[in-house]
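Down below is the structure, laid out as structure tokens.
In each ligand, atom 1 is the first atom listed, and ligand 1 is the first ligand listed. Because only heavy atoms are used, hydrogens play no part in the values below, and waters and symmetry mates are left out as well, while side chains stay in.
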Amino acid sequence: MPSRANITYFGAGPALLPTSVLENASQALLNYNDTGLGIAEHSHRSQYAADIINQAKADLATYLSIPDDYEVIFMQGGGSGEFSATMYNLVGAWVTRKKTEILKQLGAQSEEEANQEELVSALKKAVDSELKLDYLVTGGWSLKAYQEAGRLLGPEFTNLATDSRTVNQGKFGKIPSESTWKLSKNAAMVYYCDNETVDGVEYPKFPDVLGPDSNGMRPIVVADMSSNILSRRIPVENFSLIFFGAQKNLGSTGVTVVIIKKDLLPPVCSQPSPALMRKLGLPIPPVIFSYETIAKNNSLYNTLSIFDVYIAGQVLKKLLATFPDKVDGQEAVANQKAKIIYEALEAYPSIYRIVPDKSARSRMNICFRVTAGGDTDSTEAKFLKDATAHGLTGLKGHRSVGGIRASNYNSIPLAGAQQLADFIINFAQT
Ligand SMILES: Cc1ncc(COP(=O)(O)O)c(C=O)c1O
């Protein structure tokens, strides 16, 4: 039986957690802060819970340099829940903005004061002719988000601004040039996935075309950073919303974090009333997916898993203690780890084929095929078996694409990445 010390686990999520965090957590599960009660048993309304939430928020903000005009909230429902939540809330915010514009045109001070028929008819016209959600589809997860928005809202409101399969022989693996993206005017949001976990595709940087225009106006950009958060510096001010599940770089499965610009929340922007949305034929979110409800309640609208927030908080504390220069320090290590693994693969082009194009290779999910000998399936089976024998586990690619995937998240130490690189070289040489 292997022990933790013998294993480097490259699974895509849930992912490896630092052993010291798990040791603290096991103690906290039994007896938190000498209270005689475990952290998973304390009330989510207790002061202990509030302190854990507030500290994790503060540490995340410090680590990522999140500006003050952003709110951090903890939600449930995973990344998949956010595919829906982003759509509902950003459509609502679009309607609120449109409503303000129309009220001005109608010369009314408030919704109540306006002629209801006129207001609804003008809004309905705007919805039918202008409401668009732009999706940049560069892999399986952004595709799922796009499809979910079409399912819940109607495909007539979603715009496939780019689909990377069109430039890569029907497969994901590249990011089409920004100049080809078909972005809508004043989209309710432009949505993208910064790192595609299944396909191993990562945006090398924030897309220029989504930055502020010459008047300083920015599009409303929403990003899924589930699998590369905390691994590189993010220009947070370019985003209206960033979300990520905890189970890769932050902690254990069960909480989803949303970093949301306060101008999407009351008092600046309140969601339209359910009655108005119904008149417009637009959907409203279940209350647990309402950002304003969750933010108003400091993430405690309903029972949140405080244990999962505690784990996330411990991981953040460890990162802050390890890297005095915060995310920049971790970014340097993440880049180094990815470099040594890719270099090992590149050294043997007749044995390995790296799946994504070099321009968009993920530092977090390294996807490759072992093509030596022509019988890829059996060579890969041998690769996985031999790797496991060397304590290198979790390397099987996602079931939808096959192959090998090394998820090189923050908790993989540099020595673990080096061990994998050495194994890749040795396997190629035998
Ligand atoms: C980039 C990305 N987005 C979304 C998801 C979906 O997350 P969940 O399984 O928490 O719904 C995943 C899952 O691995 C992911 O990697």
Go through ligand 1 atom by atom and flag the ones less than 4.0 Å from a non-hydrogen atom of [X].
X: D224; result: 1 (C), 2 (C), 3 (N), 4 (C)
X: N195; result: 1 (C)
X: G78; result: 10 (O), 11 (O)
X: T197; result: 1 (C), 2 (C), 15 (C), 16 (O)
X: K248; result: 13 (C), 14 (O), 15 (C), 16 (O)
X: S80; result: 6 (C), 7 (O), 8 (P), 11 (O)
X: Q247; result: 8 (P), 9 (O), 10 (O)

Salt-bridge contact [X]-[Y] (side-chain N to carboxylate O under 4.0 Å):
X: E71; Y: K57; result: yes
X: E202; Y: R361; result: no
X: K382; Y: D386; result: yes

Problem set entry | S226 contact mode with ligand 1 (heavy-atom cut-off under 4.0 Å) |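 The part of S226 near ligand 1 is the side chain, not the backbone.
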Problem set entry | Region of C193 engaging ligand 1 - heavy atom pairs below 4.0 Å |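 Side chain only.
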Problem set entry | From I340 atom CD1 to N335 atom CG, the distance as rounded to the nearest 0.5 Å |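 The CG atom of N335 is 12.0 Å from CD1 of I340, to the nearest 0.5 Å.
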Problem set entry | Backbone of V236 reached by a side-chain donor or acceptor of Y70 within 3.5 Å |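 Side chain of Y70 to backbone of V236, a donor-acceptor pair under 3.5 Å: yes, one is there.
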Problem set entry | Polar side-chain atom of S411 near backbone of L16 as donor-acceptor pair, under 3.5 Å |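 Looks like yes, one N/O pair under 3.5 Å.
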Problem set entry | Nearest non-hydrogen protein atom, atom 6 (C) of ligand 1 |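 Atom 6 (C) of ligand 1 sits closest to the protein heavy atom W141 CZ3, 3.5 Å.
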Problem set entry | atom 7 (O) of ligand 1 [closest protein heavy-atom partner, distance rounded to 0.1 Å] |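 Among all protein heavy atoms, the one nearest atom 7 (O) of ligand 1 is G79 N, 3.4 Å.
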Exercise. Does the gap between the ring centers of Y191 and Y146 come in under 6.0 Å?
Worked result: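 Ring-ring flag for Y191/Y146: false, centres at least 6.0 Å apart.
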Exercise. When you look at S407 and N365, which way does the side chain to side chain donor-acceptor pair (under 3.5 Å) test go after all the steps?
Worked result: CA-CA 4 Å; S407 293; N365 305 99; 2.9 Å; yes
